[in-house]
Every structure is written in C-alpha cells, then in structure tokens.
Amino acid sequence: MIVFAGDHLASDRLEEVLNRDLAAGAITPDYAKFLRKIVRLMFKHGPLGINWLWKATLIPLARLSVPIPEIMAVHKRFWLAKQVALCAMNFMLAAEAAGLGTVPMEGFDAGRLRRALDLPRSWEPILVVPIGYAKTDPPKRTRVPLQRVILWR
Ligand SMILES: Cc1cc2nc3c(=O)[nH]c(=O)nc-3n(C[C@H](O)[C@H](O)[C@H](O)COP(=O)(O)O)c2cc1C
C-alpha cells in the first residue's frame with residue numbers, strides 16, 4: 001500500500017528547491033527572485049492569518065474586473081489534492097508500464113490513517129494506492145460513452 005500525502009508546509013521548502021535549481025543552472029537568479037515573490041503572494045497566510053483574510057475576501061471582488069488565478073493560501077487543500085493526485089497518476093502509469101496493477105482509493109478516515117502512520121500534522125493523506133499483480137482475468141467493466149462526459153466548446 002502506498003499512501004500519497006501532501007504537506008501543507010511544502011512552500012516552506014522553497015529556498016531549498018530554488019537553491020538546488022540555481023546550483024544546477026536550471027533557473028536564472030532573476031527567475032528565482034520572481035518565484036520568491038509569487039510563492040509568498042500565493043501561499044502565505046501572514047501573522048494571525050491577516051494575509052489569508054484579504055486574499056479570501058478582496059481577491060474574489062478584484063476578480064470581477066481582472067482575471068486572477070486561484071490563490072493557494074485560500075484553497076490549500078484543493079491545491080494539495082490536485083498536486084498529490086498528479087503524483088499518484090504518474091506512479092500508477094509507471095506501475096502499469098512495469099507490469100504491475102494498482103487501483104486508486106479515496107474515501108478513508110484520514111485522521112485514523114494519519115495516526116496509524118504517525119504522520120506529522122501538516123501532512124494530509126490524499127490517496128491510498130495498493131500495488132501488486134493484477135488478476136489475469138480482470139472483471140468486466142463498462143465505460144460511459146465519451147460524448148456523455150466531454151463538453152465540446
Ligand atoms: C476504500 C475504497 C476507496 C475507493 N476509492 C476510489 C476512488 O476514489 N476512485 C476510484 O476511481 N476508485 C475507488 N475505489 C475503487 C478501486 O479503485 C477499485 O477500482 C476497486 O476496489 C475494484 O478493484 P478490486 O476488484 O481490485 O478491488 C475505491 C475502493 C475502495 C475499496
């Protein structure tokens with residue numbers, strides 16, 4: 001069983017990531033400066049949540065006149081779930097390529113799972129993925145027709 005979890009404090013590791021990318025020449029110092037600014041703006045709650053408050057209240061108003069992306073500080077759990085689900089997707093595809101079977105499982109008691117694994121409080125379990133050898137005769141499945149689940153615009 002692999003538990004995919006996301007760390008609410010991930011943005012605290014920004015400097016570590018930037019330093020690694022700078023040392024490898026993967027980003028320029030100017031871009032690192034830009035990222036420092038944007039990540040702070042997107043993620044920080046500020047003392048007593050004061051930054052969270054204006055981000056949660058004023059940004060929806062400002063959005064009425066200019067396009068503004070979702071701010072992670074306000075929608076942290078949703079953002080985290082998307083990022084972790086993408087990691088799980090890559091893992092599941094890699095497992096498939098290696099001849100292994102996986103299934104995604106959501107819908108568990110996150111508190112109990114966190115206690116069972118002794119996860120730090122900032123770590124949020126998002127998805128559990130068992131991995132193994134799939135049956136050679138998989139059960140019959142159906143699919144909703146493509147035209148019923150796609151909106152063409
Ligand atoms: C506790 C639990 C949670 C599950 N959550 C999801 C889910 O969030 N999304 C999904 O597509 N399938 C979910 N499934 C279905 C599994 O991915 C899988 O398709 C199903 O268990 C059938 O596989 P099996 O015959 O090997 O058990 C869940 C299954 C279990 C048991």
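Here the straight-line distance linking atom CD1 of I59 with atom CD of E70 works out to 9.5 Å at 0.5 Å rounding. For the atom pair CD1 of I131 and OG1 of T102, the computed distance is 6.5 Å after rounding to the nearest 0.5 Å. Taking CD1 of I126 as the reference point, atom CG of L113 lies at 11.0 Å (rounded to 0.5 Å). Taking CG from L35 and CG from D30, the interatomic distance works out to 11.0 Å, rounded to the nearest 0.5 Å. Taking CD1 of I71 as the start and CH2 of W79 as the end, the distance is 13.0 Å to the nearest 0.5 Å. The distance from the CG atom of L41 to the CG atom of N51 is 9.0 Å, given to the nearest 0.5 Å.
Side-chain atoms of V128 and P125, non-hydrogen and from C-beta on, never get closer than 4.5 Å to each other. Proximity of R77 to H8: side-chain heavy atoms (C-beta onward) are separated by under 4.5 Å at one or more points. Side-chain contact check for M105 versus L127: every heavy-atom pair is 4.5 Å or farther apart. Considering only heavy atoms from C-beta on, P130 comes within 4.5 Å of V103 through its side chain. Taking the side chain as every heavy atom from C-beta outward, H45 and K55 never approach each other to under 4.5 Å. The side-chain heavy atoms of R141 and P139, taken from C-beta on, include a pair separated by under 4.5 Å. Using a 4.5 Å heavy-atom cutoff, the side chains of L22 and I27 are in contact. The side-chain heavy atoms of D7 and R13, taken from C-beta on, include a pair separated by under 4.5 Å.
The aromatic ring centroids of F43 and W52 lie 6.0 Å or more from each other.
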- Item | Worked verdict on M72 versus S11 for side-chain contact (heavy atoms from CB on, under 4.5 Å) | CA-CA 10 Å; M72 289 77 161; S11 60; over 6 Å; no
- May I have the step-by-step check of side-chain contact (heavy atoms from CB on, under 4.5 Å) for I2 and F91, ending in yes or no? CA-CA 10 Å; I2 315 287; F91 173 82; 3.6 Å; yes
- Do V3 and L117 pass the side-chain contact (heavy atoms from CB on, under 4.5 Å) test, and can you show the C-alpha distance, the side-chain angles, and the key distance before you say yes or no? CA-CA 9 Å; V3 176; L117 297 179; 3.7 Å; yes
- Message: Does V129 form a side-chain contact (heavy atoms from CB on, under 4.5 Å) with M1? I'd like the steps, not just the answer.
- Response: CA-CA 6 Å; V129 180; M1 290 279 185; over 6 Å; no
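Listed by chain and residue number, nothing satisfies the ring-ring contact (aromatic ring centres under 6.0 Å, His included) test with F108 (two or more places apart in sequence, or in another chain). Residues satisfying the salt bridge (charged side-chain N to carboxylate O under 4.0 Å, His left out) test with K33, not counting sequence neighbours, are none.
Put simply, W123 and F78 are part of two different groups of oily side chains (I, L, V, M, F, W, Y) that touch within less than 4.5 Å, one to the next. Put simply, L9 and I38 are part of two different groups of oily side chains (I, L, V, M, F, W, Y) that touch within less than 4.5 Å, one to the next. When the side chains of ILVMFWY residues are joined at heavy-atom separations under 4.5 Å, either directly or via intervening members, M42 and F34 end up in a single hydrophobic cluster. The same ILVMFWY cluster, assembled from side-chain heavy atoms under 4.5 Å apart, contains both W152 and V149. No single ILVMFWY cluster, assembled from side-chain heavy atoms under 4.5 Å apart, contains both L53 and L48.
A salt bridge (charged side-chain N to carboxylate O under 4.0 Å, His left out) with E15 is found for exactly one of R36, R20, R40, namely R36.
Atom CD1 of I50 has 12 or fewer heavy atoms from other residues, nucleotides or ligands within 6.0 Å. Atom CD1 of I150 is surrounded by more than 12 heavy atoms from other residues, nucleotides or ligands within 6.0 Å. In the displayed structure, R63 atom CZ is contacted under 6.0 Å by more than 12 heavy atoms of other residues, nucleotides or ligands.
In the hydrophobic clustering, where aliphatic and aromatic side chains (Ile, Leu, Val, Met, Phe, Trp, Tyr) are joined below 4.5 Å either directly or transitively, M89 groups with L86, L93.
With hydrogens and angles disregarded, no donor-acceptor distance shorter than 3.5 Å links the side chain of R114 to the backbone of L119.
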